[in-house]
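Here's the structure, in structure tokens; my notes come after.
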Amino acid sequence: MTSRNLPILLFFFFTLFSMGLGYEEVGDLGKYPVVVSTWPFVEAVRAAWRAVDKGFSAVDAVVEGCSACEELRCDGTVGPGGSPDENGETTIDALLMNGVTMEVGAVAAMRFVKDGMKAARLVMEHTKHTLLVGEKASVFAILMGLPGPNNLSSSESLEKWTKWKENHCQPNFRKNVKPVDGCGPYKPEDYSGLNEEACFGANVTEFLESRSCLVGPHDHDTISMAVIDKMGHVAVGTSTNGATFKIPGRVGDGPIAGSSAYADAEVGACGATGDGDIMMRFLPCYQVVESMRQGMEPKLAAKDAIARIARKFPDFVGAVFAINKDGVHAGACHGWTFQYSVRSPEMDDVKVFTVHP
């Protein structure tokens, strides 16, 4: 073997070794970057695109896009000032996932802090945990430098809550309880009444307030965003203030990795929106990504994930988008017409795609 052939052989063995690792550094091949988001949240997608187009990472772009949606209070279902719970309070759920390292940070039922996506990033980058919840999540976020404590309610959310109370707290998320047509306090239908004072004490009239609501495209939205950056790296994020009139303490699919969103840079990503209480039981975005890993095209993977839920819950409402590592995207839905937004290099601006059930 001559010394002239040595570089060729070294390149050959290095290539085989890299393929054996199952990971390929793609670089900027012209099909990236790509930004995809649930719903026509055009300004959020533009914010993410500005970041990723300038060379920022997929994680950075997701944070920029979802934070913009929180600031804009997209559809009243993202960020502060929307979706009051039974007590009239707005809380925040958010998730951030790095599809290269598989790190996840999330917050759920977070009170008093409006920046859900930035709080999720703090959990991912400055703790060894995945999910922080409730008031303790708020304390963590504030101590780490986010603004707070702040009242997350708005005049609009409080007006909505007041009208719901006047309608005897209907509709709501309670079942198998009494009273069936009032604002509580609620008890199981077969509740015996024994030890009522021990259970509720003197503050029975202050026990909770009132109950929840039906799922619809303007009271149950989530921004779920996926970004592939110029290096082919993938990240996803979600932010929502949850279901309107939810029972206090309820956590939906928004901060649950694999349900509202999932990413693996070797495969692609998924985002979801809809009835999180149902959807989180099926981890639809994990299913989408795994189906694509097995060779399914994004369109079939999305349809399959939705069909799995619909077979068990034919009345559920929800949708997913899927995007593979090559930037091919698709959506699927059940129970409503779904729209998702995309920006990619061949587009002059954000394009909204419509998917019918």
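Computed over heavy atoms, backbone and side chain alike; hydrogens, waters and symmetry mates excluded.
For His168, the NE2 atom is loosely surrounded, since the number of other residues' heavy atoms within 6.0 Å does not exceed 12. By the 6.0 Å contact criterion, CZ on Phe313 is enclosed, its count of non-hydrogen atoms from other residues, nucleotides or ligands being greater than 12.
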Self-check item: side chain to side chain contact (heavy atoms under 4.5 Å, CB included) assessment of Val42 paired with Val352
Solution: CA-CA 8 Å; Val42 173; Val352 177; 4.2 Å; yes

Quiz item: Going through the checks in order, is the side chain to side chain contact (heavy atoms under 4.5 Å, CB included) test met by Leu131 and Val107?
Solution: CA-CA 5 Å; Leu131 174 64; Val107 292; 5.6 Å; no

Self-check item: Full working for side chain to side chain contact (heavy atoms under 4.5 Å, CB included) between Lys246 and Thr91
Solution: CA-CA 10 Å; Lys246 58 186 172 287; Thr91 54; 3.7 Å; yes

Exercise. Could you go through the side chain to side chain contact (heavy atoms under 4.5 Å, CB included) check for Thr273 and Ser224 one step at a time?
Key: CA-CA 7 Å; Thr273 183; Ser224 184; 5.9 Å; no

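Taken from CD1 in Ile228 to CD1 in Ile323, the straight-line distance is 4.0 Å, to the nearest 0.5 Å. The CG atom of Asp53 lies 15.5 Å from the OH atom of Tyr32; values are rounded to the nearest 0.5 Å. A distance of 13.5 Å separates CE of Met225 from CG of Leu95, quoted to the nearest 0.5 Å. For the atom pair NZ of Lys165 and CD of Gln170, the computed distance is 11.5 Å after rounding to the nearest 0.5 Å. The structure places CE of Met102 at 3.5 Å from CE of Met97, a figure rounded to the nearest 0.5 Å. To the nearest 0.5 angstrom, Glu43 atom CD is 10.5 Å from Ser341 atom OG.
The backbone N or O of Thr222 sits nowhere less than 3.5 Å from a side-chain atom of Thr240 that would complete a donor-acceptor pair. Not a single donor-acceptor pair under 3.5 Å links the side chain of Asp253 to the backbone N or O of Met280. In this structure a side-chain-to-backbone donor-acceptor pair under 3.5 Å is missing from Arg174 to Val180. Put simply, the side chain of Asp326 never gets that close to the backbone of Val328: no donor and acceptor are under 3.5 Å apart. At distances below 3.5 Å, not a single donor-acceptor pair connects side-chain atoms of Ser153 with backbone N or O atoms of Leu158. The closest donor-acceptor contact from the side chain of Asn150 to the backbone of Leu152 lies at 3.5 Å or more, if one exists at all. The main-chain N or O of Ser239 is never found under 3.5 Å from a side-chain atom of Glu70 such that the two would form a donor-acceptor pair.
Looking at heavy atoms from C-beta onward, Pro84 lies in side-chain contact with Lys160 at the 4.5 angstrom threshold. Side-chain atoms of Arg50 and Phe56, non-hydrogen and from C-beta on, never get closer than 4.5 Å to each other. The side-chain heavy atoms of Pro284 and Arg308, taken from C-beta on, include no pair separated by under 4.5 Å.
Residue pairs that meet the salt bridge (Lys or Arg N to Asp or Glu O under 4.0 Å) test with at least one member in residues 137-153, sequence neighbours left out, do not exist here. Each salt bridge (Lys or Arg N to Asp or Glu O under 4.0 Å) pair with one or both residues in residues 93-104, not counting sequence neighbours, would appear here, but there are none.
Linking ILVMFWY side-chain heavy atoms closer than 4.5 Å, directly or via other members, places Val133 and Val123 in two distinct hydrophobic clusters. One hydrophobic cluster, built from ILVMFWY side chains closer than 4.5 Å, cannot hold both Ile256 and Met110; they sit in different ones. Val236 and Val62 fall into different hydrophobic clusters, where Ile, Leu, Val, Met, Phe, Trp and Tyr residues are linked whenever their side-chain heavy atoms come under 4.5 Å apart, directly or through other members. Linking ILVMFWY residues whenever their side-chain heavy atoms come closer than 4.5 Å, directly or via other members, leaves Ile223 and Val288 in distinct clusters. If you chain together hydrophobic residues whose side chains sit under 4.5 Å apart, Phe41 and Trp336 fall into the same group.
Taking the charged nitrogens against the carboxylate oxygens, Asp277 and Arg250 do have a contact shorter than 4.0 Å, which makes a salt bridge. Glu156 has a carboxylate O that lies under 4.0 Å from a charged side-chain N of Arg73, or vice versa, which qualifies the two as a salt bridge. A salt bridge between Asp60 and Arg121 is present, with a side-chain N of the basic residue lying under 4.0 Å from a carboxylate O of the acidic one. With respect to Glu166 and Lys163, no salt bridge is recorded, no charged nitrogen being found less than 4.0 Å from a carboxylate O. The residues Asp264 and Lys325 are annotated as not salt-bridged, no charged nitrogen and carboxylate oxygen being separated by less than 4.0 angstrom.
Summarising the geometry of Ala120 relative to Leu96, their closest heavy-atom pair is CB-N, 4.1 Å, with the distance given to 0.1 Å. The minimum heavy-atom distance between Asp304 and Ser291, with the atom names listed, is OD2-OG, 3.9 Å. Scanning both residues, Ser37 and Val45, for their nearest heavy atoms gives CB-CG2, 3.5 Å. When all heavy atoms are compared, the tightest approach of Pro149 to Ile142 is N-CD1, 3.6 Å. The two atoms that bring Ala302 and Ala322 nearest to each other are CB-CB, 4.3 Å, heavy atoms only. Scanning both residues, Ala269 and Ala226, for their nearest heavy atoms gives CB-CB, 3.9 Å.
Checked against Trp39 for a ring-ring contact (aromatic ring centres under 6.0 Å, His included), the options Phe353, Phe338, Phe321, Tyr340 give a single hit: Phe338.
There is no side-chain donor-acceptor pair under 3.5 Å between Glu71 and Ser67.
The aromatic rings of Phe316 and His334 sit parallel to each other, their planes meeting at less than 30°, with 60° as the upper class boundary.
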